[in-house]
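This report refers to the structure that appears directly beneath it.
A quick note: this is a predicted structure, and the numbers were derived from the prediction, not measured. This chain uses plain numbering: 1 for the first residue, then up along the sequence.
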Amino acid sequence: GAELSADGLAGASAHERGEAVRKRMHEDFNPVLKKIADLPVPTIAAVNGIAAGGGYGVALCCDLVIAAESASFVMVFTPQLGLIPDLSASWHAPRQLGRAKAMAAAFFGDRMNAAQAVEDGLIWKAVPDDRLQAEVDNVAAHLAAGPTLAYREVRRAFDTASTHGLHAHLDYEAGHQPALIATDDFVEGVLAFLEKRKPAFSGK
């Protein structure tokens, strides 16, 4: 989360504070989150402490979140600062927790430990603290050896689904699947299945 201090309040009017935050969000924070969301490869957040405030949103902006068992997640924006959750937290939390749990998490700012975050669907996995880096490395290696073109399209399909009705999304799937059928990775996947071996994907 952000570093909070009285220095940020000194000598600035309410309007100046607001404009400074607007500028910082548009020029610093949001471009980074948009770049994370638009990366053509899967993204993994490794959380080994307290993901509070902005850190909560940054973690959830990644495709997969793996946390140390001692880690925790908390939206401090509203109960402590009188703000809305930002850095993507207000977009991701209701989609992953459901509206009711996300609303309570935002209103009350209760800290959620890693095990609860997994159980409630906020994150993917929690591992012993001393296994976090090894687990992240293993997952990254597994993904790197997989059908990387398909991963990107899965992310797009899931994000698009939140704005589609079923009929529109069936059309979306039909519009995007042919391009993946035409890849070398699909051919390799079929051959590997028929030959009863692990596929060796090339990302092409």
**OP:** Kindly determine whether Arg131 and Asn138 satisfy side-chain contact (heavy atoms from CB on, under 4.5 Å), including the steps that lead there.
**Re:** CA-CA 10 Å; Arg131 288 286 307 148; Asn138 288 340; 3.9 Å; yes

**OP:** Output, in order, the C-alpha distance, side-chain angles, deciding distance and verdict of side-chain contact (heavy atoms from CB on, under 4.5 Å) for Lys23 and Glu19.
**Re:** CA-CA 6 Å; Lys23 183 175 189 293; Glu19 287 306 305; over 6 Å; no

**OP:** Please step through side-chain contact (heavy atoms from CB on, under 4.5 Å) for the pair Ile123 and Val47, ending with a clear verdict.
**Re:** CA-CA 10 Å; Ile123 67 170; Val47 180; over 6 Å; no

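Arg155 places a side-chain N or O within donor-acceptor distance of the main-chain N or O of Leu39, the cut-off being under 3.5 Å. Checked by atom type and distance alone, the side chain of Ser88 never pairs as donor or acceptor with a backbone atom of Trp91 at under 3.5 Å. Side chain of Asn113 to main chain of Glu69: no donor-acceptor pair is present (N/O by atom type, distance under 3.5 Å, no hydrogens or angles). With Thr160 contributing its side chain and Ala157 its backbone, the two residues share no donor-acceptor pair below 3.5 Å.
Taking Val74 as the reference, Ile50, Ala52, Val76, Arg111 meet the side-chain contact (heavy atoms from CB on, under 4.5 Å) condition, with sequence neighbours excluded. For Leu170, the side-chain contact (heavy atoms from CB on, under 4.5 Å) test picks out Leu166, Glu173, with sequence neighbours left out.
Identified under the side-chain hydrogen bond (donor to acceptor under 3.5 Å, both in side chains) test for residues 71-83, with sequence neighbours left out: none.
The pair Glu188-Arg197 meets the salt-bridge criterion, with a side-chain N (NZ, NE, NH1 or NH2) lying under 4.0 Å from an Asp/Glu carboxylate O.
When hydrophobic clusters are built by joining Ile, Leu, Val, Met, Phe, Trp and Tyr residues whose side-chain heavy atoms come closer than 4.5 Å, directly or via intermediates, Val190 is grouped together with Ile181.
Note that CG of Leu60 and CD1 of Ile36 are 11.0 Å apart. Values are rounded to the nearest 0.5 Å.
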